[in-house]
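The structure appears right after this line, and notes come after that.
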Amino acid sequence: MGAQEHPDSHALQREVESRMRVEERLAQAERELGDYVETRAWLGAVVDSSDDAIISKGLDGRVFSWNAAATRLFGYTAEEMIGVPLLRIIPPHLQSEETYILGKIQAGERIDHFETIRMRKDGRLVHVSITVSPVRNRAGKVIGASKIARDITAQREEQRRKDEFLAILAHELRNPLAPILSAVSIFQHEATSVAQRQAAERIVERQVQKMARLLDDLLDVSRIARGRVELRIERVEVRKLVSEAVETVQPAIDAKGHRLRITIADEPIWIDADPTRISQVLGNLLSNAAKYTDAGGQIDLDVSVDGTDAVFTVSDNGIGIGPDFMPILFSRFAQGPQAITRSEGGLGIGLSLVREFVEKHGGKVEAHSAGPGHGSRFTVRLPRVCGRDSEDASARLIAPSE
């Protein structure tokens with residue numbers, strides 16, 4: 001007769017199996033909790049590394065979370081904002097927007113790319129595009145909102161300058177039409193003398209040349225924007241470039257009675273450059289000096305050598321440049337307040353072309369001014385060719401792909 005099984009052995013086995021199942025469930029729970037914690041940590045890292053401000057808030061408008069980009073954008077730290085109504089960053093005249101946004105969220109609606117203005121801790125205003133989504137609990141009830149805010153201040157400023165540019169362009173292109181039409185009427189009049197006819201011809205020629213220069217500048221801007229600018233490089237002595245630039249702007253300088261003083265170093269200065277483009281650079285700087293200097297002003301063009309650079313300096317005693325405008329002086333379509341109110345202000349693209357062409361030649365351009373009413377000084381530096389072989393070089397083309 002075999003050994004008889006103890007009656008408690010089944011109970012012991014059941015208890016062991018039960019404990020094993022419990023431990024297995026605990027292990028599974030720990031794995032799931034670990035995944036959850038890891039996922040939360042990963043999501044937190046993603047939020048904090050975002051370039052966009054990511055904020056969550058309750059239905060009362062108080063902030064729940066505030067990422068690093070929000071601190072960069074608005075200036076407040078998370079400690080300063082969590083638990084505080086988001087109204088803190090909304091300008092007083094726009095605070096009704098928060099009521100509108102919270103109403104949409106409570107209704108379960110999403111708001112996409114809402115463009116508005118918000119206020120930084122230092123009081124500065126920033127243009128932002130915001131997207132706000134409702135946050136729901138497990139039961140599907142809306143309990144708050146998540147918001148993504150993107151700084152669009154630069155885009156808005158660029159758009160403002162483009163709108164301003166188009167208005168000025170229309171004005172500049174329309175201006176020559178009146179004298180041209182007047183000249184045409186002189187041609188049509190039977191009693192027109194030879195002298196009157198010749199004067200009318202000169203008017204038409206000047207105005208057509210003005211329109212041609214405007215259109216050339218526009219084409220250059222378009223080519224640069226599309227990366228289609230070609231440079232035809234040759235070895236050239238700077239006196240030739242200065243002569244061509246002065247010849248172009250001399251009529252404008254004479255018309256306002258300016259005094260132009262040119263100083264060039266005694267020794268020849270050779271550079272590898274596209275003569276047309278560098279003459280255009282110097283011409284633009286001299287033209288600006290003539291425009292923004294009152295009649296009878298002083299304009300200086302100095303050409304010198306500094307180490308391995310040829311240095312061109314154009315200075316005047318004109319209206320000067322304000323500190324607020326200096327940071328965007330070489331930006332495309334930039335117009336200073338003085339330029340906009342002057343009939344000869346131009347399109348605001350001349351200095352952007354100066355910078356583009358100088359940099360494509362491996363040089364740099366800088367502007368200096370003590371402020372409005374104190375004149376301005378522009379300095380262009382270009383690499384010069386040194387040594388005995390400075391006059392010997394073959395022309396070459398720098399295509400857009402280079």
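In this chain, numbering begins with 1 at the start of the sequence shown.
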Euclidean distance, [Y] [atom2] relative to [X] [atom1], rounded to 0.5 Å:
| X | Y | atom1 | atom2 | result |
| --- | --- | --- | --- | --- |
| K364 | D309 | NZ | CG | 8.0 Å |
| I90 | H93 | CD1 | NE2 | 11.0 Å |
| S369 | D316 | OG | CG | 8.5 Å |
| I117 | H127 | CD1 | NE2 | 4.5 Å |
| L241 | S243 | CG | OG | 9.5 Å |
| S185 | I180 | OG | CD1 | 12.0 Å |

How far apart are the closest heavy atoms of [X] and [Y], and which atoms are they?
| X | Y | value |
| --- | --- | --- |
| A367 | L329 | CB-CD2, 3.4 Å |
| I269 | A310 | CG2-CB, 3.7 Å |
| A145 | V132 | CB-CG1, 3.9 Å |
| I55 | A70 | CG1-CB, 4.2 Å |
| P268 | E237 | CA-OE2, 3.3 Å |
| A69 | A53 | CB-N, 3.8 Å |

Is there a side-chain contact between [X] and [Y], using heavy atoms and a 4.5 Å cut-off?
| X | Y | answer |
| --- | --- | --- |
| Y100 | I105 | no |
| F378 | V380 | no |
| V365 | F330 | yes |
| V142 | V135 | no |
| W66 | T71 | yes |
| L86 | M81 | yes |
| E115 | R156 | yes |
| L125 | R120 | no |

Open item on the list: Pair I271, V236 - check side chain to side chain contact (heavy atoms under 4.5 Å, CB included), show working.
Closed with: CA-CA 6 Å; I271 61 175; V236 60; 3.9 Å; yes
Quick one: do [X] and [Y] make a salt bridge, cutoff under 4.0 Å?
| X | Y | answer |
| --- | --- | --- |
| K121 | E80 | yes |
| E230 | R232 | yes |
| R277 | E356 | no |
| D306 | R381 | yes |

Counting distance only, does the side-chain N/O of [X] pair as donor-acceptor with the main-chain N or O of [Y] below 3.5 Å?
| X | Y | value |
| --- | --- | --- |
| N67 | D52 | yes |
| Q207 | V204 | no |
| H258 | I253 | no |
| E244 | S279 | no |
| H361 | F357 | yes |
| R259 | G296 | yes |

TODO: Tell me, with the steps shown, if N317 and T293 meet side chain to side chain contact (heavy atoms under 4.5 Å, CB included).
DONE: CA-CA 6 Å; N317 61 350; T293 299; 3.4 Å; yes
- [ ] Evaluate the side chain to side chain contact (heavy atoms under 4.5 Å, CB included) criterion for residues R235 and V385: first the C-alpha distance (whole Å), next the side-chain angles of each, then the deciding distance (0.1 Å), finally the verdict.
- [x] CA-CA 8 Å; R235 192 147 296 173; V385 181; 3.6 Å; yes
- [ ] Indicate whether any N or O donor in one side chain lies under 3.5 Å from an N or O acceptor in the other, for S133 and R110.
- [x] yes
- [ ] Test side chain to side chain contact (heavy atoms under 4.5 Å, CB included) on R124 and M119 and set out the steps.
- [x] CA-CA 6 Å; R124 289 191 293 118; M119 187 166 57; over 6 Å; no
Task: Check against side chain to side chain donor-acceptor pair (under 3.5 Å), N284 and Q280 - done: CA-CA 6 Å; N284 280 354; Q280 184 179 352; 5.3 Å; no
Over 12 non-hydrogen atoms of neighbours within 6.0 angstrom of [atom1] in [X]:
| X | atom1 | answer |
| --- | --- | --- |
| R88 | CZ | yes |
| E247 | CD | no |
| H368 | NE2 | yes |

- [ ] Begin with the C-alpha distance, continue with both residues' side-chain angles, and end with the deciding distance and a verdict on salt bridge (Lys or Arg N to Asp or Glu O under 4.0 Å) for E98 and K57.
- [x] CA-CA 12 Å; E98 181 72 344; K57 62 182 179 181; 2.9 Å; yes
